[in-house]
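When a ligand or atom number is given, it counts from 1 through the structure's own listing order. In this text the structure is predicted, and so the values were computed from the model without any measurement. For this chain, numbers begin at 1 and follow the sequence in order.
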Amino acid sequence: MIYFYMKITDRKITLLYKAGCAFLPDRCPFCDIPVKPGELYCKDCSKKLKFIRYKTYAKGGFDCTSVFPYTGEHKAAVTRFKFNNRKQYAYPMARMMADSILKNYPEEEFDLITYVPLHKQRHRTRGYNQCKLLARKLSRILGIPYKSTLIKTKHTAPQHTLKKPADREKNVKGAFRVIDKELLKNKRILLLDDIITTGYTLGECASTLNKCKPASVKCATFAITVVKTT
Ligand SMILES: [Zn+2]
């Protein structure tokens, strides 16, 4: 009886939570001020945004397209989205990513959108996976189904805390496992993350998916850490 009651309560909480999410006010991801429903960003920010629609490669040679450099207001947007519960940024960010995906992969017809998973421990502390929110919105925008395809089995240190590329590579090596191998066979997969820096995390995820013989794996992120060269 107690168990039954708890189940109903859980369901009520989930429904209330979902209803609450639906009423989160739209905000400009770059400065956080409220904007009109459906507006991607405010007028002030529209004047200073640096769309680069950059194309690069994740480790292992997997194509990756990104919308912005990971600097200034673009970086602040990712930080609030990830750590400050700004789940409503998912829609405007996904819309901007959709433009860069269509521009950089004009010939590609994807069968499946998927995303970089969080370890369950980190998921518990953060409460949500920002990449899954992006995948869900992109799925609706592009009309392509999304699916959780990977599990993170190793609780790793955040990549940005490791400075040496070799340490970053080692940190994520073997950290992911495929959920359903059959599902991926011959599929053209679009893999999402919020940012790409050295490309080891995305590369490791893409390589793990690639072992299941998909037709292709291509990546997309919102931001990219651009290393200045002299
Ligand atoms: Zn703004």
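Results of the side chain to side chain contact (heavy atoms under 4.5 Å, CB included) test with F110 over I101, L138, I189, L142 single out I101 as the only residue that passes.
Listed by chain and number, the protein N, O or S atoms at a distance under 2.8 Å from the Zn ion (ligand 1) are C28 SG, C31 SG, C42 SG, C45 SG.
A donor-acceptor pair under 3.5 Å links the side-chain atoms of K154 to the main chain of K173, judged by distance alone. Judged by distance alone, with hydrogens and angles left aside, the side-chain atoms of N171 form no donor-acceptor pair with the main-chain N or O of Q159 at under 3.5 Å. Between the side chain of T125 and the main chain of Q121, a donor-acceptor pair closer than 3.5 Å is present.
Within a 6.0 Å radius of CZ in R188, more than 12 heavy atoms belonging to other residues, nucleotides or ligands are found. For Y105, the OH atom sits in a packed shell: over 12 heavy atoms of surrounding residues, nucleotides or ligands are nearer than 6.0 Å.
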